[in-house]
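Quick caveat, the model's predicted, so the values are computed rather than measured. In what follows, chains are A, B, ... by sequence order, proteins preceding strands, each numbered from 1.
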There are 2 protein chains.
Amino acid sequence: MTTIQEVSKLAGVSVATVSRTLSMPDKVSPKTREKVHAAIAKTNYRPNVLARNFRTRKALAIVVLVPDIANSFFSRVIRGIEQAAQKKGYSVLLGDTQGLAEREYTYANMVKTSQADGIIQLHAHIPFENEADLSLPLVNACDCVRDAGIPTVQLDNAAAAKSMTEHLISLGHTRIAAIQGPSDSPITQDRLRGYQEALRENNLEVDTSLVGTGDFSLASGEAAARGLMTHPSRPTALFCFSDEMAFGAIHHIKSLGLSVPGDISVAGFDDISFAAYCDPPLTTISQPAEEFGTMAMSMLYDIINHAPPESLNHYLPHKLICRQSSGPVNPAR
Amino acid sequence: MTTIQEVSKLAGVSVATVSRTLSMPDKVSPKTREKVHAAIAKTNYRPNVLARNFRTRKALAIVVLVPDIANSFFSRVIRGIEQAAQKKGYSVLLGDTQGLAEREYTYANMVKTSQADGIIQLHAHIPFENEADLSLPLVNACDCVRDAGIPTVQLDNAAAAKSMTEHLISLGHTRIAAIQGPSDSPITQDRLRGYQEALRENNLEVDTSLVGTGDFSLASGEAAARGLMTHPSRPTALFCFSDEMAFGAIHHIKSLGLSVPGDISVAGFDDISFAAYCDPPLTTISQPAEEFGTMAMSMLYDIINHAPPESLNHYLPHKLICRQSSGPVNPAR
DNA sequence: CTGAAAGCGCTAACAC
DNA sequence: GTGTTAGCGCTTTCAG
């Protein structure tokens with residue numbers, strides 16, 4: 001491997017000059033610049049970035065903590081992060097945590113050991129064992145810890161859930177069930193709140209027996225729907241807090257010989273790519289997944305570089321997408 | 001930040017001893033070991049991994065080149081890579097390339113600049129500009145460049161496609177269409193070959209007008225199906241080279257008022273999680289996605305550490321999954 | 001505009 | 001077992 005030494009020797013200049021040519025070319029005379037470039041080309045020199053980062057005390061890398069990279073929503077967020085990071089000269093270290101605190105700590109440690117400059121956490125959990133570590137550069141996106149004073153980028157989940165519920169109400173539904181996510185997750189809580197608010201404001205009963213629980217996955221949606229569909233007074237609409245759970249629910253509903261939306265309207269949340277292609281196409285809330293990533297990266301960048309973030313909590317817009325899985329309540333029933 | 005210096009001073013030992021305590025504890029007497037650990041705890045010392053890696057000339061990181069992290073198959077492969085890497089003490093640098101050679105080169109450069117020790121490429125393309133770089137540690141997985149002498153881990157795509165085609169033939173189908181991926185991709189070519197072989201061996205006509213082309217995505221499957229369904233002599237079965245394209249195709253077929261598999265059987269490839277949940281559940285080929293990742297990581301690890309890989313080309317098993325989207329040919333037609 | 005030299009924090013010979 | 005010491009390849013004062 002060629003070093004800066006050898007290049008300097010070949011170019012007949014000092015190592016400092018070679019270094020300058022690379023990082024501050026305008027501080028070097030055109031003549032020497034040329035000589036250096038010639039030597040670099042000849043030796044096929046690549047600066048050792050590890051040495052540089054060590055010397056300058058920055059890793060130019062960030063770590064992304066994600067509960068599950070295979071989740072179709074998170075993977076889009078990460079795509080956004082990666083693109084923004086690349087543009088700013090940072091690389092992305094992937095930390096698939098499976099939701100385990102242990103693994104979060106391990107990855108968060110990379111900041112303390114100078115392997116990374118900051119962390120983007122996509123899960124509602126502080127990835128540190130010690131209070132003191134809260135001073136490390138951290139941005140929480142998507143599902144965010146509440147009132148922890150850490151920078152966040154999120155949806156107004158309550159408003160989104162409320163608008164979806166209002167949509168179902170406007171179709172004439174009065175018994176609207178829901179399948180929530182894990183009840184300890186803030187996004188679940190916010191969506192549930194929005195859903196209940198809409199019911200209350202429309203003088204509809206808030207019936208907790210109409211709320212099932214899943215973990216955002218296909219299988220959990222199917223299981224929760226199985227419970228809900230045996231309800232003595234079956235709902236005519238079902239609002240699932242993720243598209244995957246909605247698919248699982250629809251799968252079960254159809255297996256019962258019922259039709260969507262004929263017998264029951266179903267709505268999801270996320271607007272993943274399959275939503276438009278399933279049968280029937282899914283009414284859902286669209287989230288700007290990539291933007292979560294770019295926004296989080298941009299905030300983290302500012303924090304790492306000691307630029308005061310404009311505001312601690314960023315909210316991204318959602319959109320109600322009405323497709324064919326929701327329809328007017330069937331008077332026949 | 002605490003350094004090894006300060007720890008050594010506090011413990012009353014040399015820096016070498018501290019270093020040894022951390023990396024070869026059995027070469028240090030229990031007594032001093034204790035002293036060192038006490039000092040470490042007191043100072044809350046974390047070794048600077050950047051300095052260590054620089055000194056030992058290894059990055060303990062690998063870069064993963066993926067055309068699209070948001071692809072539901074690739075994200076699972078990456079999950080496998082991440083898990084295997086973590087176990088071996090390596091971290092994963094994510095390189096979402098969007099299939100652009102430029103970006104592949106940029107990321108591949110991280111090996112030359114000592115930021116990474118090796119590369120896993122999930123796309124059938126050599127990520128180097130110079131022939132000489134082929135000496136860098138590289139493993140090609142999933143879609144692999146043919147006969148390039150680089151280590152690969154892949155499916156026997158021809159055999160898999162052949163078995164699917166035979167399945168459709170066994171159901172009585174004689175006009176079996178296909179939607180292939182990009183025609184320059186080896187996996188497309190192999191699957192096409194397997195499909196055609198099965199037709200030939202069963203004395204069925206190989207009709208190239210029955211082969212549409214997509215890019216593995218939902219939308220492209222829909223578009224290709226649109227073309228195929230206007231064929232003067234409509235096929236009774238359709239083999240799509242990805243599940244996503246199969247979903248797109250089914251979507252279109254249903255929009256025509258036709259039924260699957262009543263009017264036309266549809267099969268996919270990949271067995272993504274949605275395959276079991278769509279309507280009808282999709283007949284497909286299951287691939288061990290995570291294993292592609294762990295296997296690739298394991299091979300790369302051996303290469304990086306100069307252990308001769310047992311064999312250059314690894315083949316992973318596939319499985320034919322028969323669900324309800326394929327059925328006997330309808331005699332009514 | 002350029003060079004000399006110090007040193008980032010750590011590991012690994014090499015002595016003792 | 002432990003300490004001394006020489007760098008790893010680079011950036012960055014500080015002089016000139």
It should be established whether [X] places a side-chain nitrogen or oxygen under 4.0 Å from OP1 or OP2 of nucleotide [N].
X	N	result
Thr3(A)	dC8(D)	no
Thr32(B)	dT2(D)	yes
Arg57(A)	dG9(C)	yes
Ser14(A)	dG3(C)	yes
Thr17(A)	dC1(C)	no

**Prompt:** Has Phe54(B) got its ring stacked on dC8(D), by the test of a centre gap below 5.5 Å and a plane angle below 30°?
**Reply:**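 Answer is yes, a stack.
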Walking DNA chain D from its 5' end, the first of Ala16(B) and Thr56(B) to be reached, judged by nearest nucleotide, is Ala16(B)
By nearest nucleotide on DNA chain D, pick out whichever of Lys31(B) and Pro47(A) is the more 5' one.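 This one resolves to Lys31(B).
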Should Asp117(B) and Arg57(B) count as an ion pair when the cut-off is N to O under 4.0 Å?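 A salt bridge is absent here (no side-chain N lies under 4.0 Å from a carboxylate O).
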Spacing between [X] atom [atom1] and [N] atom [atom2], to the nearest angstrom:
X	N	atom1	atom2	value
Glu6(B)	dC8(C)	CD	P	11 Å
Arg33(B)	dG1(D)	CZ	P	9 Å
Arg52(B)	dA12(C)	CZ	C1'	14 Å
Gln115(B)	dG9(D)	CD	C1'	14 Å
Lys27(B)	dA13(C)	NZ	C1'	13 Å
Met24(B)	dT11(C)	CE	P	9 Å
Lys112(A)	dG9(C)	NZ	C1'	18 Å
Asn48(A)	dC8(C)	CG	P	18 Å

Any chance the side chains of Glu104(B) and Gln121(B) put a donor and an acceptor closer than 3.5 Å?
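A donor-acceptor contact under 3.5 Å links the two side chains.
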message: With no hydrogens and no angle check, just 3.5 Å: does a side-chain donor-acceptor pair link Asn140(B) and Thr152(B)?
response: no
| task | Kindly say whether Asp96(B) contributes a backbone atom to a donor-acceptor pair with the side chain of Glu82(A) at under 3.5 angstrom? | result |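 Indeed, once roles are kept as given, a pair shorter than 3.5 Å links the two residues.
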Taking dT11(D), dG3(C), dT2(D) as options, the one with an atom nearest any side-chain atom of Val28(B) is dT2(D)
Among dG9(D), dT11(D), dT11(C), find the nucleotide with the atom closest to the side chain of Ser19(B).
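My answer, after comparing the listed nucleotides, is dT11(C).
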dG3(D) base to Arg20(B) side chain: any donor-acceptor pair below 3.5 Å?
->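 A donor-acceptor contact between them is present.
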*Answer with yes or no whether Arg55(A) presents, from its side chain, a donor or acceptor under 3.5 Å of a partner atom in the base of dG9(C).*
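For Arg55(A), whose side chain was compared with the base of dG9(C), there is no donor-acceptor pair (under 3.5 Å).
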His125(A) vs Tyr105(A) aromatic rings, parallel, tilted or perpendicular, using cut-offs 30° and 60°?
tilted
